[in-house]
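Contents: one structure, followed by commentary.
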Amino acid sequence: MTVGALEVTSVLDDAQRQMLDSVPVGLCLLAADSTVLAWNRTLVEWTGLSARDAIQRKLTDLFPSLLAAKYAQRLAAVFTTGAPAAFSAALHHHFIPAKLRNDERLMVQETSIRLISRNPLQALVTIQDVTLASRQLECLRQERKKLLEATRALEVANESLQESFEDASAKNYQLNDEIQERRRIEVELREQTLNLIEAKTREAEHTSQLEQLVRDLTAARQQAHVATQAKSDFLANMSHEIRTPMTAILGYMDMLHDPDFTAEQRQQVIQTVHRNGEHLLAIINDVLDLSKIEAGKMTIERVETAPRELIRDIIELMSGRAKKQKLGLLIEMSESIPPRLLTDPTRLQQILVNLIGNAIKFTSLGSVTLSVDWLDCQQKEGILRIQVTDTGIGIADHQLKNLFQPFTQADSGTARQFGGTGLGLAISRRLAMLMGGELSVESQQGVGSTFTLTVTCGRCLNDTVNHRVGSSHSGPVALSLENVHVLVADDSPDNQKLLAYNLRKVGATFEVAGNGLIALEMIEAARLTKAFDVVLMDIQMPLLDGYAATRQLREQKDNTPVIALTANAMTGDHEKCLNAGCNDYLTKPINREKLIATIARWAKTPVVTVD
Amino acid sequence: MSDDLPVLEEDTIDALTELVNIGVGRAAASLSDLIGERIELTVPRVRFCRENEPIIQEASGGALSTTVVTQDFCGRINGRAALMFPQSSALILGGLLSGGEALATEVDAELSGILLEVGNIVLNGVLGSLSNVAGDVFDYSLPTLFDDQPALSWLLLSNDTDAELLIANVEFHVQHSEIRGTIAIVFAGGCVQTLIEQVFQTAS
């Protein structure tokens, strides 16, 4: 026996023995009774058991674990059947316990036992160290296990996450729906809020309008109250103004019945009655004028007028009254005033007569001055400015604002003290406005007042002047209507007598008809004897009125001049007269001088002028 | 392989079946001792067939890949014995025998060792039974394991056109699991006849 080397049967030589010693596999040769016959170097290193200690000893004695049935039976079967035996690392871990170098753990081994000789029976045990591979496999399995667990955990987490996601998704959809719903509600709320705001705004506007309406109504009611009060005052005043002269007229007329009255007394009575009658007529004319203006029926003419001559005529008209009160009546006219203008001389005179009359009335000492100026504004028109300045009692500031209102004078006491209708300034201002101008006042109590009138006048292109107005001359014109044959057609016996008296006074001959029908018969009959020179035709007559009678006359080709006597002062009435065929018209109450002058103008018979 | 299959009588088939069962019975006892748990192995019937018959594919469980343990034997009767498992059965068997969780998804080194040992034990049992009946003493090769290979290519002996194939389905009963494998023994030409003669000679 060789110590430290593999001792086998003589079939192995030294080279084979050395080769087996160099193999990193444990090799052990066993006899049939498991006696160790050979023990290679690898086994010596693994077990720490030298060959000398192993050889000739039973393997089961060296390693009693091999006595277990799982080893013993299979090891025996190798010798009995000759079939090899394989022992896996997984099922056995090791065949022979061997510690690893620098490690307390045992080596993992895969072992095979194979019969290599039948005579004698010998089996070779081959042991492989698979510790590394086993550990690696174990690590791999651990890692795989971990991976599997992690995978499972991930799957669980994924499922959980998926569920959470689905929940979250469902909640998200739900939230989205809620958000959409809230947005819809928000939009609705916004719209409703806007509607509310608009409604509130409208309500506020309505409230504001209502408040304004209430204020306007209150103001209007106050104004109406003031106006009503003013109208009541006016009516009271007017009643007084009308009754006073009427009382004088009627009273003084009664006095004429007194047989003891002297001629001089009778003359005084007549003068008083005449004066009161004229005053009453002035009141009636003012009321009619104002009514016409308020009704929008006042027409303003635009005829060629010589302004300087007109102003002078007015001054001459008013000079008597000024002289009576020992007042100076002065005039200042600008050189720039054109010689002729287009304006309404009648209304201009009416305004100036009112202004100058007031100035004279309210001035006890000093003078009244008329200043006339021309403001050349445009090529076709200009403004005529007339200022009436007095040194009278003046007007208080609080009374100025109502001065141009109708039915109000400076105060109610003025009417009593100074008379007047209280309509003059209201009429004058409205006429000024209708004439494209204005009427204003500046005043200082105790010093005097200045009324400024402006009217818009057109420029004239030629020098011809039809100075129609001016017939309101101050002095009587003496005319004779001898040889003038007149027909008076009037249904009023009083008017018949009045006209007859006036005609007789100027030497005219006349006949009287009570209505238009009789007038036509008389005109026809007169053609055979002595035709009428002029017909004075009252308009309002029974059976056949003045219009119809004149139309029929003209249809008969009769051109006898017809002068209409009309009480109507409304616009259009005069045109109606002229359209019916009348040649001229006179407005009642008839002015005697106008009557005579108009008859004289239309009579064919030459008129004799009496010096 | 010869086109003429041996015409075996039922008695012969039964005798061979019994032979194989004796062998696997011994293997079962060894396996039971090995793992400390009862294992039963049964072989219902053996068959003889040619290499190209579908039974070969069926024997491998219809799987494309199998785990095969082979062990050659040599005597008056010689050939190659093989124990085949479909991979799924191999994994289950390996998990059951190792006593651990069946974590392997492939036949790794540890599983290969287990299957190799199981194959060694089963084939030793069957071949031992055959050798006893044949009155022959076999020389054996060490068991070899082939994984993930078509089984048939490893069964054929090279250039032996007379080889005959014995097929036996093996049922493993372990822990209420039933695992099926297949024992295939390729006999070199003329060996089957010799075997049969020996079987009946021994019986008589």
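Quick note on labels: first sequence line is chain A, next is B, and so on, each numbered from 1.
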Checklist entry - Counting heavy-atom pairs under 4.5 Å to chain A, which of B:Asp33, B:Leu123, B:Asn124 comes out on top? => result B:Asn124
Item to check | Among the listed options B:Leu127, B:Leu116, B:Ile121, the residue most often paired with chain A at heavy-atom distances under 4.5 Å | outcome: B:Ile121
Item to check | Atom CZ of A:Arg182 with >12 non-hydrogen neighbours under 6.0 angstrom | outcome: no
Next on the checklist: With a 4.5 angstrom heavy-atom cut-off, is it the side chain or the backbone of B:Ser112 that approaches chain A, or both, or neither?
Outcome noted: neither
Item to check | Distance (rounded to the nearest 0.5 Å) between B:Asp139 CG and A:Leu115 CG | outcome: 8.0 Å
Name each donor-acceptor pair under 3.5 Å that joins a side chain in residues 68-96 of chain A to protein atoms two or more places apart or in another chain, with its distance.
| from | atom 1 | to | atom 2 | distance (Å) |
| --- | --- | --- | --- | --- |
| A:Tyr71 | OH | A:His92 | ND1 | 3.3 |
| A:Arg74 | NH1 | B:Glu117 | OE2 | 2.6 |
| A:Arg74 | NH2 | A:Ala86 | O | 2.7 |
| A:Arg74 | NH2 | B:Asn120 | OD1 | 3.1 |
| A:Thr80 | OG1 | A:Ala76 | O | 3.2 |
| A:Thr80 | OG1 | A:Ala77 | O | 3.2 |
| A:Thr81 | OG1 | A:Ala77 | O | 2.6 |
| A:Thr81 | OG1 | A:Ala83 | N | 3.0 |
| A:Ser88 | OG | A:Leu91 | N | 3.2 |
| A:Ser88 | OG | B:Glu117 | OE1 | 2.7 |
| A:His92 | NE2 | B:Glu117 | OE1 | 3.3 |
| A:His92 | NE2 | B:Glu117 | OE2 | 2.4 |

Checklist entry - Take atom CZ in A:Arg118; do more than 12 heavy atoms of anything else shown fall under 6.0 Å from it? => result yes
Under 3.5 Å, which donor-acceptor pairs do the side chains of residues 126-134 of chain A form with other protein atoms, sequence neighbours left out?
| from | atom 1 | to | atom 2 | distance (Å) |
| --- | --- | --- | --- | --- |
| A:Asp129 | OD1 | A:Thr131 | N | 2.9 |
| A:Asp129 | OD1 | A:Thr131 | OG1 | 2.5 |
| A:Thr131 | OG1 | A:Val108 | N | 2.9 |

